[in-house]
Amino acid sequence: MAPTLRRLVAMAPLRLRVLAAECALDRPVRWVAVSELEDPTPFLEGDELVLTIGMRLGAQDAQPYISRLVARGVAGLGFGVGLGHDRVPPEFTEVAARAGLPLVEVPRETPFIAVGKAVSELLAAERYDELSNALAAQGRLTRAALQTGGRKAVVERLAKEIHGWAVLLDESGAVLHTAGEGAVEGAGLVQEDLERLRAPGSPASLALSGPYEHVIVQPLGDQRRVRGFFAVGSGRSFSPVGHTVVNTANSLLTLSLEQGRDQLAAVRRVRSAVLSLLLAGDRRAAEETAEMVGGGLPTGPLVVLACEPRDADELLDTLPGFAAPWGTLVVVLAEAERADHLAGMAATAGRVGISGPAELAGLPTALDQANRALASAAPVMRFSDLAGQGLLSLVDPGLLSGFATSLLAPLREYGSRADLVESLRAYLACNGHWDAAAQRLGVHRHTLRYRMRRVGELLGRDLDDPAARAELWIALSAGGPPGPAPGDRDR
């Protein structure tokens with residue numbers, strides 16, 4: 001807020017005397033303008049204290065001169081005496097009183113520049129107070145953010161700082177926290193404006209103003225993804241300090257949301273490590289690690305879901321239970337009775353492969369089953385529905401796994417960046433049709449031809465031989481290596 005004319009005339013060294021409209025001295029004074037023009041208003045913006053000695057003004061000019069000043073919105077008129085006029089013409093006093101324009105007499109002993117300096121110092125002091133208030137408010141908001149349940153505390157503190165209401169919403173627009181009178185109504189008011197902030201190229205914030213309320217709506221997060229929204233409302237317009245306070249709350253709430261995302265990402269990395277421990281056969285360490293981040297492993301028979309979502313983070317946000325990122329996939333360990341429900345949820349985000357029932361000790365085989373089912377998913381495929389599984393079930397799993405591991409070892413040990421095992425799987429699944437297999441892998445058919453030539457050389461087998469193809473398909477179906485671990489595709 002700018003200093004008022006009342007504060008200025010109260011400064012004894014200036015010796016200003018109020019002649020008219022004393023009741024209007026609480027108007028803000030944003031600057032001092034000295035002019036001897038008959039019409040200075042083209043050079044004014046409003047809220048100035050106009051100073052003049054009336055060099056070109058006479059009694060007949062009082063009405064038009066003061067009318068123009070009032071229309072321009074000046075804060076007041078200071079009339080200097082002792083030079084052009086020995087005293088303020090009474091006509092000016094009368095017109096100013098009728099118009100409600102404060103009129104003060106400036107004695108000759110008071111230079112106009114002294115009045116200008118006084119206003120400048122008051123403005124500087126007000127600005128310092130504004131900055132001090134803003135810093136104090138920022139400190140209170142920061143302390144609120146450090147409390148347990150910091151987001152709610154920030155919302156409550158913000159409502160008090162702006163003398164209004166505040167609402168925090170999640171990215172879908174659902175209300176998380178409210179504070180202040182009118183917050184519930186305010187949340188309903190801003191719902192329809194959230195889509196404008198989600199759209200590409202949307203504004204950084206929205207300001208809605210009415211005769212009785214002023215509202216600001218801002219997204220939380222970064223340019224890549226909106227994590228939520230918050231809105232504030234007040235019965236008075238937001239000052240620069242108010243905007244600073246609102247922006248501070250935005251930063252604190254965004255940081256809180258991002259920290260929550262960082263913690264969630266850390267939990268997901270731990271779950272990936274748990275999955276690695278299980279695949280390595282260290283069940284005890286896996287269970288202890290899983291308990292550290294809350295939520296243990298499924299008990300009893302489980303089913304593995306290998307999911308290939310369009311957005312892994314979004315799917316992980318949605319799925320309950322044990323779900324972990326695994327390379328480009330999301331792997332879910334679920335109790336057998338919940339598998340259908342989780343598969344339905346995951347299918348809305350992409351393709352899903354479902355293994356047969358297994359115990360934790362058989363996780364490597366179950367994960368491989370889920371991966372092989374995923375290769376044929378559209379969008380969901382169960383391993384039990386894949387052709388040819390009945391024959392394999394007649395063979396001893398241990399012997400079959402050893403055979404598969406030995407046969408495919410040269411491919412796993414090959415140091416190329418190409419995934420020869422998956423290329424071979426696609427080639428055999430498509431009955432040797434180059435175009436179909438290449439399309440499934442997302443590579444050019446010439447690339448696939450090169451890989452198959454390399455597979456034949458490494459395995460010492462002719463891939464055109466039906467017997468060799470059958471043998472390799474059995475090996476892949478029985479115990480090919482599980483889907484790629486995190487980072488494997490980058491090596």
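As the structure is a prediction and not an experimental result, all values here were calculated from the model.
With sequence neighbours excluded, the residues that form a salt bridge (charged side-chain N to carboxylate O under 4.0 Å, His left out) with Arg461 are Glu471.
A donor-acceptor pair under 3.5 Å is formed between the side chain of Thr289 and the backbone N or O of Ala285. Counting only distance, with no hydrogens or angles, the side chain of His444 and the backbone of His446 share a donor-acceptor pair below 3.5 Å. A donor-acceptor pair is defined here as one N or O able to donate and one able to accept, closer than 3.5 Å; such a pair exists between the side chain of Asn371 and the backbone of Leu367. In this structure, Arg372 contributes its side chain and Leu476 its backbone to a donor-acceptor pair below 3.5 Å. Side-chain atoms of Ser120 never come within 3.5 Å of backbone atoms of Gly116 as a donor-acceptor pair (strictly under, hydrogens ignored). With Ser355 contributing its side chain and Ala370 its backbone, the two residues share no donor-acceptor pair below 3.5 Å. Between the side chain of Arg72 and the main chain of Gly46, no donor-acceptor pair closer than 3.5 Å is present.
Once rounded to the nearest 0.5 Å, the distance linking CG of Leu305 with CZ of Phe322 reads 13.0 Å. In this structure, CZ on Arg425 lies 12.5 Å from CG on Leu420, to the nearest 0.5 angstrom. Expressed to the nearest 0.5 Å, how far CG of Leu297 lies from CD of Glu287 amounts to 6.0 Å. Here the OG atom belonging to Ser276 is positioned 11.5 Å from the CG atom belonging to Asp282, to the nearest 0.5 angstrom. Note that CG of Leu463 and CE of Met452 are 7.0 Å apart. Values are rounded to the nearest 0.5 Å. The distance from atom CD of Glu422 to atom CZ of Arg451, rounded to the nearest 0.5 Å, is 10.5 Å.
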Might you work through the side-chain contact (heavy atoms from CB on, under 4.5 Å) test for Leu363 and Val304, ending with a clear yes or no? CA-CA 8 Å; Leu363 182 62; Val304 176; 3.5 Å; yes
*Take Arg284 and Glu288 through the salt bridge (Lys or Arg N to Asp or Glu O under 4.0 Å) test and state the conclusion after the steps.*
CA-CA 6 Å; Arg284 179 177 178 182; Glu288 291 175 351; 3.4 Å; yes
query: side-chain contact (heavy atoms from CB on, under 4.5 Å) between Val246 and Gln218: does it pass, once the steps are laid out?
result: CA-CA 9 Å; Val246 170; Gln218 293 185 348; 4.1 Å; yes
Pair Asp464-Arg469, side-chain contact (heavy atoms from CB on, under 4.5 Å): steps then yes or no: CA-CA 7 Å; Asp464 290 331; Arg469 287 193 188 185; 4.0 Å; yes
When you look at Tyr427 and Arg440, which way does the side chain to side chain donor-acceptor pair (under 3.5 Å) test go after all the steps? CA-CA 9 Å; Tyr427 173 73; Arg440 174 178 291 192; over 6 Å; no
Exercise. Between Ser423 and Val455, is a side-chain contact (heavy atoms from CB on, under 4.5 Å) present by the stated rule, with each step listed?
Worked result: CA-CA 9 Å; Ser423 297; Val455 167; 6.0 Å; no
Distance-only check: which donor-acceptor pairs under 3.5 Å involve side-chain atoms of residues 330-347, not counting sequence neighbours?
residue: Asp340; atom: OD1; partner: Arg382; partner atom: NH2; Å: 2.0

Side chains of residues 174-184: which donor-acceptor partners sit under 3.5 Å, not counting sequence neighbours?
none

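In this structure, the side chains of Phe230 and Val232 come closer than 4.5 Å at one or more pairs of heavy atoms. Side-chain contact between Cys307 and Leu329 is absent, with no heavy-atom pair separated by less than 4.5 Å. Inter-residue side-chain proximity for Val215 and Trp165 is flagged as met; some heavy-atom pair is nearer than 4.5 Å. Ile474 has its side chain out of reach of Leu472: every pair of non-hydrogen atoms, C-beta onward, lies at least 4.5 Å apart. At a threshold of 4.5 Å between non-hydrogen side-chain atoms, the residues Arg351 and Leu374 count as touching. Two residues are said to be in side-chain contact when any heavy atoms from C-beta on lie closer than 4.5 Å; Leu123 and Trp31 meet this criterion. Using a 4.5 Å heavy-atom cutoff, the side chains of Leu458 and Leu411 are in contact.
Across Val74 and Arg27, no two heavy atoms sit closer than the pair O-NH1, 3.6 Å. In this structure, Pro357 and Val303 approach most closely via the heavy-atom pair CA-CG2, 4.3 Å. Across all non-hydrogen atoms, the minimal contact from Ala361 to Pro364 is O-CD, 3.9 Å. Taking each heavy atom of Ala366 and Ala358 in turn, the nearest pair found is CB-CB, 3.8 Å. Scanning all heavy atoms of the two residues, the minimum distance from Leu448 to Leu441 falls at CD1-CD1, 3.7 Å. The two residues Asp465 and Ala467 have their closest heavy-atom pair at OD1-N, 3.0 Å.
In this structure, Trp434 places its CH2 atom where more than 12 heavy-atom neighbours from other residues, nucleotides or ligands lie under 6.0 Å away.
Salt-bridge annotation for Arg140 and Glu161: present, with a side-chain N of the basic residue lying under 4.0 Å from a carboxylate O of the acidic one.
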